[in-house]
2 protein chains.
Amino acid sequence: MKEVTLKQIAENLGISITTVSKALKDYPDVSKKTKTLVKQEAKKLRYKPNVFAVNLRTRESKTVGLIIPEVVHHFFSSVINGIIEQAEKKGYLVIILQSNESYKLEKKQVDLLISKRVDGIMISLANKTVDISHLKRVKELEVPLVMFDKISKLMDCSKIIINDREAAYTATKHLIDSGCKRIAHFRGALLPQNSIDRFLGYKKALEDHGITYDSSLVYICENVDYEDGINAAKKLLEDHDDVDGIFAITDLAAIGAISVFNERGIRVPDDISIMGFSNWFVSSAITPSLSTVDQPGYEMGVKTFKLLYKEMKARRKNKEFEPKTVELETRLIKRNST
Amino acid sequence: MKEVTLKQIAENLGISITTVSKALKDYPDVSKKTKTLVKQEAKKLRYKPNVFAVNLRTRESKTVGLIIPEVVHHFFSSVINGIIEQAEKKGYLVIILQSNESYKLEKKQVDLLISKRVDGIMISLANKTVDISHLKRVKELEVPLVMFDKISKLMDCSKIIINDREAAYTATKHLIDSGCKRIAHFRGALLPQNSIDRFLGYKKALEDHGITYDSSLVYICENVDYEDGINAAKKLLEDHDDVDGIFAITDLAAIGAISVFNERGIRVPDDISIMGFSNWFVSSAITPSLSTVDQPGYEMGVKTFKLLYKEMKARRKNKEFEPKTVELETRLIKRNST
DNA sequence: CTGAAAGCGCTTACAG
DNA sequence: CTGAAAGCGCTTACAG
């Protein structure tokens, strides 16, 4: 099938390519009559502009890049959802890349997106990301950039986050309020900011309520997943028989713990209370249903793209853009595990 | 920051753009000395070819499109995973679009991908897709196309599927083998092929084992999700008190049913046995753990891209390509709900 | 209101 | 082995 080009239309109509181009884009200096003629012909031939040529001329790809640690993850899936929806509204396509929590891969992905000349990049950092030189490069090249959820405080760019410390504080306080005296924490890896912040919120809540912080009650869940939760729970049962509450960094880890307790006849919440984090929809499906903190993934996606869009718009007009940090609300959700 | 172009390098070195271009691409008719010089300079200036120009010249975008009903879905997440991984290996980027199970949106997405000139398209149909004229157009334009999982039999293109009918048969037979006499089916919408096939597998299994098919035992779960499972289970309890087995079209629907039974003190599997479909990892985390059919999402993604790649390669060389249909193995997984 | 011309940055057939 | 030239399909400043 032969491609339809401006030239084609111009020849059919016996006018110049210039005029055809202008007519299709509704330039004010083309007569109404010509416009109608051109548009009609374009429709008839099913003309579609060749984006490759348009990109080259306009220096824009109308495509944005998204780098996340993992696609197969309820929270990120929701974020993707929000981003794609907004992007489509504005006529942007989203290229999604997965870092698999690897620093090396993440760097490669950034390079890939840059070489594809995306108009902007959104990123949530891998757990293993140790420095941000690759992001500094994005800034140098003046490619708009927004970080979300897993951010680096060192990077000067727009950010969409939740207040992890506060949310963790509230979650821990909820355990205390429901009578827990010995509260363990399943935390994430040591590097990620949100893992640190949730840990600090947990610690602060204990201290503010006269409970001595005991580091032996903190277990590291490297991948914050179901398996990790199972393992941490098993170890906890070996180490401590007096723990009556757990604040887990993710619902997944919490659910892992619950499954261990269910199996061993340990009653939740009578013997031990459990708090998750994320409000994955499965949390309400398990038995007992899981108390957790609602983390607004979809909203985060929406806000992330919107902020990126603003920056891209400013960039296009060569205007200055002042990076912004937006903090989204979280919400404690009480169910049957506490 | 000034963009580095071939021209830049050529000027710095006092040679022609042509030679620079050829040297960088290791054309055999450029001297070794020139090549080294050019490559050195390119590296020094951090030269990156302008993909927009390359695309325009080569008529390739090195980008493929993926349309799926939903991102936030364990099965599709795994497929995405497999696709992205393979694509990256071959230097392709993946644009992911979501149809939200809408026919209209799906058509729009196809148009979008075509207008972006992706080198190939992978698609899993929306539940509400009623005809395939939009896919026929893809074929007309000679854009390589692979369908996976939710396919249309009417479309002449490559397909990656599982044998839904057989898998459903095996699942139902498993219920029969464990003693069930009155087996209900929570099926999907009426249109999708895999919803039809799973239903037919269920029916055939009953008939082959001397159980009369009773259409009042078949409930439609329009979105095959958790909510649907809850509703269907509630209705089932109202309608029939003699059912002792359920084959649900998805794990999600099955888990919804289990949560209803758990709540009402109906014992699974003692009072009623339940089979899911998909082998979502949560199935092993709930109580009781769910028997199900393992559906190889990741593998499906890998195979899908590989097949698309073959077709794109043939297309590039203007060779004929014979569409293929690949059927992947499923596996019955017995857990505690049967 | 219309159009000739330059140019985006690359690739490649062709001549020397 | 090197390079001038054409061309991919579009946009837009400029002239008439």
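Here is the naming used below: chain letters follow the sequence lines, and residue numbers restart at 1 for every chain. Small disclaimer: the values here were computed from a predicted structure and weren't measured.
Atom pair A:Glu3:CD and D:dC10:C1' shows a separation of 14 Å (rounding to whole Å applied). Across the protein-nucleic acid pair, B:Glu11 atom CD and D:dG3 atom P stand 13 Å apart, rounded to whole Å. What separates CD1 of B:Ile15 from P of D:dA4 is a distance of 11 Å, to the nearest Å. In this structure, NZ of B:Lys48 is placed 17 Å from C1' of C:dC10, rounded to the nearest angstrom. Rounded to a whole Å, the CD1 atom of A:Ile17 is 14 Å from the P atom of C:dA6. Whole-Å rounding puts the B:Lys7 NZ to C:dT11 P distance at 16 Å. Distance, A:Leu56 CG to D:dG9 P: 12 Å, rounded to whole Å. Look at CG on A:Leu6: it is 15 Å from P on C:dA4, rounded to the nearest Å.
Between the side chain of B:Ser124 and the main chain of B:Phe148, a donor-acceptor pair closer than 3.5 Å is present.
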| request: Give DNA chain C the dot-bracket treatment, 5' to 3': Watson-Crick (N1-N3 with N6-O4 or O6-N4) or G-U (N1-O2, O6-N3) under 3.5 Å, [ ] crossing, | other strand. | output: |||.||||||||.|||

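In this structure, a donor-acceptor pair under 3.5 Å is absent between the side chains of B:Gln8 and B:Tyr47. At a cut-off of 3.5 Å, with distance as the only test, no side-chain donor of A:Lys310 or A:Ser158 sits close to an acceptor on the other residue.
An OP1 or OP2 oxygen of D:dG3 is reached within less than 4.0 angstrom by a side-chain nitrogen or oxygen of B:Thr19. Applying the 4.0 Å criterion to OP1 and OP2 of C:dT11, one finds that B:Ser21 has a side-chain N or O inside that range. Applying the 4.0 Å criterion to OP1 and OP2 of D:dG9, one finds that B:Arg57 has every side-chain N and O outside that range. Between C:dA4 and A:Thr18, no contact under 4.0 Å exists linking OP1 or OP2 to a side-chain N or O. Using a 4.0 Å cut-off, some side-chain N or O of B:Ser16 falls inside it from OP1 or OP2 of D:dG3. Using a 4.0 Å cut-off, no side-chain N or O of B:Tyr47 falls inside it from OP1 or OP2 of C:dG9.
Contact check of residues 28-45 of chain B against DNA chain D (heavy atom, cut-off under 4.0 Å) returns B:Asp29, B:Val30, B:Ser31, B:Thr34.
Here B:Phe52 lies out of heavy-atom contact (under 4.0 Å) with every strand.
Comparing B:Lys22 and B:Ala53 against DNA chain D, the residue whose closest nucleotide sits nearer the 5' end is B:Lys22.
Heavy atoms from other residues, nucleotides or ligands lying under 6.0 Å from NZ of A:Lys35 number more than 12. Annotation for B:Lys306: atom NZ does not count as buried by contact number, only 12 or fewer foreign heavy atoms lying within 6.0 Å.
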| request: Could you walk me through whether B:Lys150 and B:Asn127 pass the side chain to side chain donor-acceptor pair (under 3.5 Å) test, one step at a time? | output: CA-CA 8 Å; B:Lys150 300 175 76 179; B:Asn127 268 339; 2.9 Å; yes

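Screening A:Met122, A:Lys90, A:Gln86 for a side-chain contact (heavy atoms from CB on, under 4.5 Å) with A:Leu308, the sole residue that qualifies is A:Met122.
No side-chain heavy atom of A:Lys62 sits less than 4.5 Å from a side-chain heavy atom of A:Val51. Considering only heavy atoms from C-beta on, B:Phe305 comes within 4.5 Å of B:Met312 through its side chain.
In the set D:dT11, D:dC10, D:dG3, the nucleotide with an atom closest to the side chain of A:Lys25 is D:dT11.
Distance check: B:Ile95 CD1 to A:Ile96 CD1 gives 10.0 Å after rounding to the nearest 0.5 Å.
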